[in-house]
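Below: one structure, written as C-alpha coordinates.
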Amino acid sequence: MDLSQQSSDFNDLSHAKACVQAHYADLARARPEDVADALAARMAPDALWRGMRPFYEQTGPHAVAEAFWAPFLRAFSHVQRREDIFFAGENTVGPGTWTCSMGHLMGLFDGPFIGIPATGRIAMLRYAEFNRVEGGRITETALFIDLLHLMAQAGVYPLPNQTGAQLVQPGPRTHDGLLYGPQDPAEGPKTMALIDKMIGAINFVNAVDNPPTPQEELAENWHDDMCWWGPTGIGATYTIDRYIDQHQGPFRHKTKDREFYGHLARFSEGNYGGFFGWPNLSVIPVGNYMGLPASNIRAPMRVVDVYRREGDKLAENWIFIDILHFLSEQGIDLLAGLEG
(Lines give C-alpha, C1' and ligand atoms only; values in the text may rest on other atoms or scores of the structure.)
Protein backbone atom coordinates (compact mmCIF):
# COMPACT_ATOMS: atom_id res chain seq x y z
CA MET A 1 0.00 0.00 0.00
CA ASP A 2 1.48 3.39 -0.99
CA LEU A 3 1.50 6.47 1.23
CA SER A 4 -1.38 8.14 -0.60
CA GLN A 5 -3.58 5.08 -0.04
CA GLN A 6 -2.59 5.01 3.65
CA SER A 7 -3.52 8.70 3.97
CA SER A 8 -6.87 8.08 2.26
CA ASP A 9 -7.67 5.18 4.59
CA PHE A 10 -6.74 7.25 7.65
CA ASN A 11 -9.03 10.06 6.46
CA ASP A 12 -11.91 7.69 5.76
CA LEU A 13 -11.63 6.14 9.22
CA SER A 14 -11.19 9.52 10.89
CA HIS A 15 -14.32 10.90 9.25
CA ALA A 16 -16.33 7.78 10.11
CA LYS A 17 -15.18 7.87 13.72
CA ALA A 18 -16.00 11.57 14.05
CA CYS A 19 -19.49 11.03 12.60
CA VAL A 20 -20.33 8.18 14.96
CA GLN A 21 -18.93 9.89 18.05
CA ALA A 22 -20.96 13.01 17.22
CA HIS A 23 -23.99 10.73 16.82
CA TYR A 24 -23.38 9.32 20.31
CA ALA A 25 -23.05 12.86 21.71
CA ASP A 26 -26.43 13.74 20.15
CA LEU A 27 -28.01 10.64 21.72
CA ALA A 28 -26.53 11.50 25.12
CA ARG A 29 -28.51 14.76 25.10
CA ALA A 30 -31.71 13.30 23.67
CA ARG A 31 -35.05 12.84 25.40
CA PRO A 32 -37.80 10.42 24.38
CA GLU A 33 -39.75 13.17 22.64
CA ASP A 34 -36.82 14.45 20.55
CA VAL A 35 -34.62 11.40 20.06
CA ALA A 36 -35.88 10.99 16.47
CA ASP A 37 -34.43 14.41 15.63
CA ALA A 38 -31.17 13.49 17.34
CA LEU A 39 -30.94 10.34 15.23
CA ALA A 40 -31.82 12.21 12.04
CA ALA A 41 -28.88 14.57 12.49
CA ARG A 42 -26.41 11.84 11.49
CA MET A 43 -28.45 8.96 10.05
CA ALA A 44 -29.48 8.86 6.40
CA PRO A 45 -33.27 9.11 5.90
CA ASP A 46 -33.33 5.54 4.53
CA ALA A 47 -30.71 4.09 6.89
CA LEU A 48 -31.14 0.39 7.63
CA TRP A 49 -31.11 -0.40 11.37
CA ARG A 50 -30.88 -3.97 12.63
CA GLY A 51 -31.88 -4.72 16.21
CA MET A 52 -32.28 -7.86 18.24
CA ARG A 53 -35.65 -9.39 19.05
CA PRO A 54 -38.11 -7.74 19.65
CA PHE A 55 -36.87 -4.67 17.73
CA TYR A 56 -35.82 -6.27 14.42
CA GLU A 57 -35.12 -4.27 11.25
CA GLN A 58 -36.19 -0.64 10.93
CA THR A 59 -35.72 1.93 8.17
CA GLY A 60 -34.92 5.56 8.93
CA PRO A 61 -34.36 7.48 12.16
CA HIS A 62 -38.01 7.99 13.07
CA ALA A 63 -38.78 4.27 12.90
CA VAL A 64 -35.65 3.53 14.94
CA ALA A 65 -36.70 6.07 17.57
CA GLU A 66 -40.18 4.61 17.83
CA ALA A 67 -38.99 0.99 17.97
CA PHE A 68 -36.05 1.29 20.37
CA TRP A 69 -34.66 4.60 21.54
CA ALA A 70 -37.82 6.35 22.77
CA PRO A 71 -38.99 3.30 24.80
CA PHE A 72 -35.46 2.86 26.15
CA LEU A 73 -35.17 6.49 27.24
CA ARG A 74 -38.61 6.36 28.86
CA ALA A 75 -37.47 3.35 30.89
CA PHE A 76 -33.92 4.53 31.74
CA SER A 77 -33.00 7.91 33.17
CA HIS A 78 -29.57 9.57 33.38
CA VAL A 79 -28.17 7.28 30.69
CA GLN A 80 -24.41 7.13 30.20
CA ARG A 81 -22.59 5.32 27.40
CA ARG A 82 -19.75 3.48 29.14
CA GLU A 83 -17.68 2.70 26.07
CA ASP A 84 -14.86 0.16 26.43
CA ILE A 85 -13.95 -0.49 22.78
CA PHE A 86 -14.19 1.72 19.71
CA PHE A 87 -12.46 1.14 16.39
CA ALA A 88 -13.09 1.45 12.66
CA GLY A 89 -12.03 -0.26 9.47
CA GLU A 90 -12.76 -1.12 5.89
CA ASN A 91 -15.09 -4.09 5.55
CA THR A 92 -13.18 -7.14 4.29
CA VAL A 93 -16.28 -9.17 3.33
CA GLY A 94 -18.47 -6.47 1.78
CA PRO A 95 -18.67 -2.76 1.07
CA GLY A 96 -18.12 0.20 3.29
CA THR A 97 -16.28 1.83 6.15
CA TRP A 98 -17.58 0.67 9.52
CA THR A 99 -17.14 1.48 13.19
CA CYS A 100 -17.59 -0.81 16.18
CA SER A 101 -18.51 0.43 19.65
CA MET A 102 -18.86 -1.86 22.66
CA GLY A 103 -19.56 -1.37 26.34
CA HIS A 104 -22.60 -0.71 28.52
CA LEU A 105 -25.48 1.74 28.46
CA MET A 106 -25.81 2.58 32.14
CA GLY A 107 -28.81 4.27 33.69
CA LEU A 108 -31.41 4.22 36.42
CA PHE A 109 -33.95 1.55 35.50
CA ASP A 110 -37.03 3.57 36.45
CA GLY A 111 -39.71 2.27 34.08
CA PRO A 112 -40.62 -1.04 32.45
CA PHE A 113 -38.83 -1.94 29.23
CA ILE A 114 -40.38 -4.45 26.78
CA GLY A 115 -42.09 -6.05 29.76
CA ILE A 116 -38.97 -6.27 31.94
CA PRO A 117 -39.92 -4.70 35.28
CA ALA A 118 -38.16 -1.59 36.52
CA THR A 119 -35.86 -1.92 39.50
CA GLY A 120 -35.37 1.71 40.51
CA ARG A 121 -31.66 0.88 40.65
CA ILE A 122 -28.64 1.30 38.45
CA ALA A 123 -28.67 -1.10 35.50
CA MET A 124 -26.05 -1.94 32.90
CA LEU A 125 -27.31 -2.80 29.42
CA ARG A 126 -24.45 -4.50 27.62
CA TYR A 127 -24.20 -3.50 23.96
CA ALA A 128 -22.19 -3.77 20.76
CA GLU A 129 -23.02 -1.50 17.84
CA PHE A 130 -21.76 -1.45 14.27
CA ASN A 131 -22.26 1.60 12.04
CA ARG A 132 -21.51 2.00 8.36
CA VAL A 133 -20.67 5.58 7.37
CA GLU A 134 -20.96 6.93 3.83
CA GLY A 135 -20.58 10.58 2.83
CA GLY A 136 -20.71 11.75 6.43
CA ARG A 137 -23.95 9.90 7.21
CA ILE A 138 -24.74 6.63 8.96
CA THR A 139 -26.37 4.37 6.39
CA GLU A 140 -26.45 1.04 8.27
CA THR A 141 -26.50 0.09 11.94
CA ALA A 142 -26.57 -3.17 13.85
CA LEU A 143 -27.24 -2.82 17.58
CA PHE A 144 -26.84 -5.93 19.74
CA ILE A 145 -27.88 -5.73 23.39
CA ASP A 146 -27.79 -8.40 26.09
CA LEU A 147 -31.44 -8.46 27.15
CA LEU A 148 -30.99 -11.64 29.18
CA HIS A 149 -28.41 -9.78 31.28
CA LEU A 150 -30.95 -7.01 31.90
CA MET A 151 -33.57 -9.60 32.84
CA ALA A 152 -31.12 -11.10 35.34
CA GLN A 153 -30.58 -7.68 36.91
CA ALA A 154 -34.35 -7.27 37.20
CA GLY A 155 -34.79 -10.67 38.87
CA VAL A 156 -36.71 -12.27 36.00
CA TYR A 157 -33.99 -14.39 34.40
CA PRO A 158 -35.92 -17.18 32.61
CA LEU A 159 -33.36 -19.88 31.78
CA PRO A 160 -31.66 -22.71 33.73
CA ASN A 161 -28.18 -22.11 35.14
CA GLN A 162 -25.64 -21.37 32.42
CA THR A 163 -22.30 -23.07 31.90
CA GLY A 164 -20.19 -19.92 32.21
CA ALA A 165 -20.20 -17.08 34.75
CA GLN A 166 -22.80 -14.30 34.88
CA LEU A 167 -20.98 -10.94 35.10
CA VAL A 168 -21.05 -7.26 34.34
CA GLN A 169 -18.33 -7.76 31.79
CA PRO A 170 -15.18 -5.65 31.78
CA GLY A 171 -13.44 -4.00 28.87
CA PRO A 172 -9.97 -5.00 27.70
CA ARG A 173 -7.41 -6.06 30.25
CA THR A 174 -4.99 -3.61 28.62
CA HIS A 175 -7.41 -0.62 28.85
CA ASP A 176 -6.45 0.45 25.33
CA GLY A 177 -9.61 -0.32 23.40
CA LEU A 178 -10.74 3.23 22.56
CA LEU A 179 -9.07 3.86 19.19
CA TYR A 180 -10.35 7.39 18.63
CA GLY A 181 -7.21 8.50 16.75
CA PRO A 182 -5.16 7.04 13.89
CA GLN A 183 -3.47 3.69 14.45
CA ASP A 184 -0.41 2.02 12.98
CA PRO A 185 -1.67 0.81 9.57
CA ALA A 186 0.42 -2.36 9.83
CA GLU A 187 -1.35 -3.67 12.93
CA GLY A 188 -4.96 -3.94 11.73
CA PRO A 189 -4.15 -6.40 8.92
CA LYS A 190 -2.28 -8.58 11.43
CA THR A 191 -5.38 -8.72 13.59
CA MET A 192 -7.64 -9.54 10.64
CA ALA A 193 -5.28 -12.24 9.39
CA LEU A 194 -5.37 -13.90 12.81
CA ILE A 195 -9.17 -13.69 13.01
CA ASP A 196 -9.43 -15.23 9.53
CA LYS A 197 -6.98 -17.96 10.53
CA MET A 198 -9.01 -18.74 13.64
CA ILE A 199 -12.25 -18.97 11.60
CA GLY A 200 -10.46 -21.26 9.16
CA ALA A 201 -9.41 -23.53 12.03
CA ILE A 202 -13.06 -23.89 13.13
CA ASN A 203 -14.15 -24.71 9.59
CA PHE A 204 -11.34 -27.25 9.26
CA VAL A 205 -12.37 -29.06 12.44
CA ASN A 206 -15.95 -29.28 11.19
CA ALA A 207 -14.87 -30.63 7.80
CA VAL A 208 -12.35 -33.40 8.53
CA ASP A 209 -12.83 -36.92 9.86
CA ASN A 210 -9.86 -36.80 12.24
CA PRO A 211 -9.71 -33.26 13.59
CA PRO A 212 -7.12 -31.99 16.07
CA THR A 213 -8.09 -32.02 19.74
CA PRO A 214 -9.84 -28.88 21.01
CA GLN A 215 -6.70 -27.96 22.95
CA GLU A 216 -4.56 -28.33 19.82
CA GLU A 217 -7.02 -26.34 17.72
CA LEU A 218 -7.26 -23.43 20.15
CA ALA A 219 -3.57 -23.27 21.05
CA GLU A 220 -2.78 -22.34 17.44
CA ASN A 221 -4.57 -18.99 17.70
CA TRP A 222 -5.34 -18.26 21.36
CA HIS A 223 -3.28 -17.48 24.44
CA ASP A 224 -3.70 -20.09 27.15
CA ASP A 225 -5.15 -17.45 29.50
CA MET A 226 -7.74 -16.32 26.96
CA CYS A 227 -10.88 -14.58 28.24
CA TRP A 228 -14.13 -15.45 26.49
CA TRP A 229 -16.81 -12.94 27.48
CA GLY A 230 -19.94 -14.77 26.35
CA PRO A 231 -23.55 -13.57 26.46
CA THR A 232 -25.89 -14.18 29.35
CA GLY A 233 -27.45 -17.58 28.73
CA ILE A 234 -23.98 -19.02 28.15
CA GLY A 235 -21.73 -16.85 30.29
CA ALA A 236 -18.07 -15.93 30.51
CA THR A 237 -15.14 -18.30 30.83
CA TYR A 238 -11.37 -18.07 31.25
CA THR A 239 -8.41 -20.14 29.95
CA ILE A 240 -8.46 -22.56 27.04
CA ASP A 241 -9.37 -25.57 29.18
CA ARG A 242 -12.32 -23.89 30.90
CA TYR A 243 -13.51 -22.45 27.58
CA ILE A 244 -13.61 -25.98 26.18
CA ASP A 245 -15.49 -27.27 29.23
CA GLN A 246 -17.91 -24.37 29.59
CA HIS A 247 -18.68 -23.30 26.04
CA GLN A 248 -17.02 -25.04 23.12
CA GLY A 249 -17.79 -28.55 24.33
CA PRO A 250 -21.46 -27.92 25.18
CA PHE A 251 -21.99 -26.07 21.90
CA ARG A 252 -20.39 -28.71 19.70
CA HIS A 253 -21.90 -31.71 21.49
CA LYS A 254 -25.42 -30.37 22.09
CA THR A 255 -26.05 -28.90 18.66
CA LYS A 256 -25.54 -30.45 15.23
CA ASP A 257 -25.45 -29.76 11.49
CA ARG A 258 -23.90 -26.31 11.74
CA GLU A 259 -24.39 -24.21 8.60
CA PHE A 260 -22.24 -21.09 8.22
CA TYR A 261 -23.66 -18.18 6.20
CA GLY A 262 -20.91 -15.59 6.58
CA HIS A 263 -20.71 -12.05 7.90
CA LEU A 264 -22.13 -8.72 6.81
CA ALA A 265 -19.16 -6.80 8.17
CA ARG A 266 -15.70 -7.93 9.29
CA PHE A 267 -12.94 -5.43 9.92
CA SER A 268 -10.07 -4.51 12.21
CA GLU A 269 -7.89 -1.67 13.42
CA GLY A 270 -4.82 -1.89 15.60
CA ASN A 271 -5.09 -4.87 17.95
CA TYR A 272 -8.90 -4.99 17.70
CA GLY A 273 -11.24 -6.57 15.21
CA GLY A 274 -14.70 -7.98 14.95
CA PHE A 275 -17.68 -9.02 12.88
CA PHE A 276 -21.40 -9.61 12.86
CA GLY A 277 -23.78 -11.66 10.73
CA TRP A 278 -27.53 -11.62 10.11
CA PRO A 279 -27.45 -14.54 10.73
CA ASN A 280 -23.91 -15.91 10.92
CA LEU A 281 -24.94 -19.55 11.14
CA SER A 282 -27.68 -21.96 12.09
CA VAL A 283 -27.66 -25.12 14.21
CA ILE A 284 -30.05 -27.82 15.38
CA PRO A 285 -30.20 -28.14 19.20
CA VAL A 286 -30.17 -31.84 20.08
CA GLY A 287 -30.47 -31.69 23.84
CA ASN A 288 -29.62 -29.65 26.93
CA TYR A 289 -28.00 -26.75 25.09
CA MET A 290 -28.29 -23.78 27.50
CA GLY A 291 -30.08 -26.19 29.82
CA LEU A 292 -33.03 -26.58 27.46
CA PRO A 293 -34.49 -29.77 25.94
CA ALA A 294 -33.79 -30.72 22.35
CA SER A 295 -35.90 -28.93 19.77
CA ASN A 296 -34.48 -30.63 16.67
CA ILE A 297 -35.44 -27.42 14.86
CA ARG A 298 -32.86 -25.59 12.79
CA ALA A 299 -32.49 -22.11 14.27
CA PRO A 300 -30.39 -19.13 13.15
CA MET A 301 -27.82 -17.39 15.33
CA ARG A 302 -27.12 -13.68 14.90
CA VAL A 303 -23.70 -13.23 16.48
CA VAL A 304 -21.17 -10.50 17.23
CA ASP A 305 -17.53 -11.29 17.99
CA VAL A 306 -15.10 -8.57 19.08
CA TYR A 307 -11.45 -9.55 19.57
CA ARG A 308 -8.28 -8.22 21.14
CA ARG A 309 -5.01 -9.49 19.69
CA GLU A 310 -1.90 -9.64 21.84
CA GLY A 311 1.21 -10.38 19.82
CA ASP A 312 0.57 -13.27 17.46
CA LYS A 313 -2.45 -14.72 19.28
CA LEU A 314 -5.93 -13.72 20.40
CA ALA A 315 -6.28 -12.78 24.07
CA GLU A 316 -9.90 -11.68 24.59
CA ASN A 317 -13.22 -12.19 22.84
CA TRP A 318 -16.54 -10.46 23.57
CA ILE A 319 -19.64 -12.20 22.18
CA PHE A 320 -23.24 -11.14 21.66
CA ILE A 321 -25.94 -13.51 20.38
CA ASP A 322 -29.58 -12.72 19.70
CA ILE A 323 -30.61 -15.56 21.99
CA LEU A 324 -34.22 -14.38 22.24
CA HIS A 325 -34.54 -14.73 18.46
CA PHE A 326 -32.65 -18.05 18.42
CA LEU A 327 -35.09 -19.49 20.96
CA SER A 328 -38.17 -17.91 19.37
CA GLU A 329 -37.37 -19.80 16.16
CA GLN A 330 -37.73 -22.96 18.28
CA GLY A 331 -41.09 -21.85 19.72
CA ILE A 332 -39.73 -20.46 23.00
CA ASP A 333 -40.77 -16.84 23.73
CA LEU A 334 -38.80 -15.57 26.73
CA LEU A 335 -40.69 -12.26 26.75
CA ALA A 336 -44.12 -13.88 27.03
CA GLY A 337 -45.74 -13.36 30.40
CA LEU A 338 -43.59 -10.38 31.42
CA GLU A 339 -45.77 -7.58 32.69
CA GLY A 340 -43.25 -4.86 33.45
Side-chain angles (χ1 to χ4, degrees), residues 84-85 87 100 102-104 124 126-128 144-149 152 159-177 191-192 194-206 211-255 258 260 263 266 268 271-277 280-281 283 288-291 301-323 326:
D84 293 314
I85 291 176
F87 64 94
C100 174
M102 192 206 80
H104 295 82
M124 306 284 281
R126 185 171 174 251
Y127 82 90
F144 285 70
I145 54 178
D146 194 337
L147 288 171
L148 283 173
H149 186 209
L159 294 177
N161 289 335
Q162 55 203 13
T163 51
Q166 158 65 32
L167 303 168
V168 172
Q169 296 188 2
R173 179 186 183 187
T174 45
H175 301 282
D176 62 355
T191 302
M192 185 50 56
L194 183 56
I195 292 171
D196 290 343
K197 181 170 173 273
M198 179 271 302
I199 294 171
I202 295 173
N203 292 336
F204 175 76
V205 165
N206 288 325
T213 68
Q215 284 82 2
E216 291 169 339
E217 172 200 344
L218 289 161
E220 285 291 316
N221 300 304
W222 294 90
H223 288 286
D224 183 63
D225 63 348
M226 64 177 286
C227 289
W228 192 83
W229 305 108
T232 305
I234 298 169
T237 188
Y238 170 50
T239 75
I240 283 178
D241 287 343
R242 294 296 172 89
Y243 169 77
I244 292 168
D245 289 342
Q246 296 173 354
H247 172 63
Q248 187 197 71
F251 179 72
R252 289 187 176 177
H253 298 145
K254 296 173 182 178
T255 67
R258 173 181 177 267
F260 180 63
H263 303 132
R266 188 156 89 214
S268 61
N271 291 332
Y272 291 85
F275 54 72
F276 78 93
N280 307 44
L281 71 155
V283 296
N288 203 35
Y289 182 56
M290 297 195 299
M301 303 187 87
R302 299 166 173 170
V303 183
V304 164
D305 279 82
V306 177
Y307 299 91
R308 179 176 71 85
R309 174 179 61 86
E310 189 171 293
D312 60 356
K313 292 187 178 182
L314 298 170
E316 295 188 84
N317 183 196
W318 294 262
I319 300 89
F320 295 74
I321 302 175
D322 192 347
I323 290 177
F326 174 69

Exercise for the section: Ignoring hydrogens and angles, tell me if any N or O in the side chain of Asp224 forms a donor-acceptor pair with the backbone of Ala219 under 3.5 Å. Expected result: no

Fill in the blank from the handout: For Pro214 and Ile244 the tightest heavy-atom approach is CB-CD1, 3.6 Å

Exercise for the section: Check whether any side-chain heavy atom of Ile234 sits under 4.5 Å from a side-chain heavy atom of Gln162, and report yes or no. Expected result: no

Completion exercise
In terms of heavy-atom contacts, Pro250 and Asp245 come closest through CD-O, 3.4 Å

Fill in the blank from the handout: To the nearest 0.5 Å, atom CG of Asn203 lies from atom CE of Met198 at 10.0 Å

Handout entry: Backbone of Gly277 reached by a side-chain donor or acceptor of Asn280 within 3.5 Å
Key = yes

Handout entry: Validation row: Gln215, Asp241 side chains within 4.5 angstrom (heavy atoms)
Key = yes

Exercise for the section: May I have the step-by-step check of side-chain contact (heavy atoms from CB on, under 4.5 Å) for Trp228 and Ile240, ending in yes or no? Expected result: CA-CA 9 Å; Trp228 192 83; Ile240 283 178; over 6 Å; no

Handout entry: Pair Asp225 + Arg173, salt bridge at N-O below 4.0 Å
Key = yes

Exercise for the section: Considering non-hydrogen atoms only, spot the tightest contact between Val304 and Ala128 and give its length. Expected result: CG1-CB, 4.1 Å

Practice task
Report yes if the side chains of Glu220 and Lys197 come closer than 4.5 Å at any heavy-atom pair, otherwise no.
Solution key: yes

Practice task
Step through the shown structure and confirm whether more than 12 heavy atoms of other residues, nucleotides or ligands are within 6.0 Å of OH on Tyr238.
Solution key: no

Handout entry: Beyond-backbone contact of His104 with Asp84, side-chain heavy atoms, under 4.5 angstrom
Key = yes

Problem - pair Phe144-Arg302: side-chain heavy atoms closer than 4.5 Å - result: yes

Handout entry: Positive for side chain to side chain donor-acceptor pair (under 3.5 Å) with His149, one of Gln169, Arg126, Gln166
Key = Gln166

Completion exercise
Here the gap from Phe320 atom CZ to Leu147 atom CG, rounded to the nearest 0.5 Å, amounts to 11.0 Å

Handout entry: Neighbour count above 12 (heavy atom, 6.0 Å) for Arg258 CZ
Key = yes

Exercise for the section: Could you grab the distance from atom CD1 of Ile195 to atom CG of Asp305, nearest 0.5 Å is fine? Expected result: 8.5 Å

Problem - pair Thr237-Met226: side-chain heavy atoms closer than 4.5 Å - result: no

Handout entry: pair Pro172-Trp318: side-chain heavy atoms closer than 4.5 Å
Key = yes

Exercise for the section: Look at the aromatic rings of His263 and Phe260 and report parallel, tilted or perpendicular, splitting at 30° and 60°. Expected result: perpendicular

Handout entry: Chi angles and distances behind the side-chain contact (heavy atoms from CB on, under 4.5 Å) call for Ile323, Met301
Key = CA-CA 7 Å; Ile323 290 177; Met301 303 187 87; 6.0 Å; no

Handout entry: Gln246 (side chain) donor-acceptor with Tyr243 (main chain) under 3.5 angstrom
Key = no

Exercise for the section: Decide, yes or no, whether a salt bridge links Glu217 with Arg252 under the criterion of side-chain N to carboxylate O below 4.0 Å. Expected result: yes

Handout entry: Within 45° cone of Tyr272 ring axis and under 6.0 Å: Arg309 NZ or CZ
Key = no

Exercise for the section: Would you indicate whether the side-chain heavy atoms of Phe87 and Asn271 approach each other to under 4.5 Å? Expected result: no

Exercise for the section: Please assess Tyr307 against Glu316 for the test side-chain contact (heavy atoms from CB on, under 4.5 Å), listing each intermediate value before the final yes or no. Expected result: CA-CA 6 Å; Tyr307 299 91; Glu316 295 188 84; over 6 Å; no

Completion exercise
Closest non-hydrogen atoms of Leu167 and Ala236, given as atom of the first, atom of the second and distance, are CD1-CB, 3.9 Å

Completion exercise
Heavy-atom nearest pair, Leu148 first then Gly233, reads CD1-CA, 4.2 Å

Problem - Arg308 bridged to Asp176 by N-O distance under 4.0 Å - result: no

Practice task
Would you sort out whether Ile319 and His247 count as a side-chain contact (heavy atoms from CB on, under 4.5 Å), showing the intermediate values?
Solution key: CA-CA 12 Å; Ile319 300 89; His247 172 63; over 6 Å; no

Handout entry: Exercise: identify the closest heavy-atom pair between Gly291 and Pro160
Key = O-CG, 3.4 Å

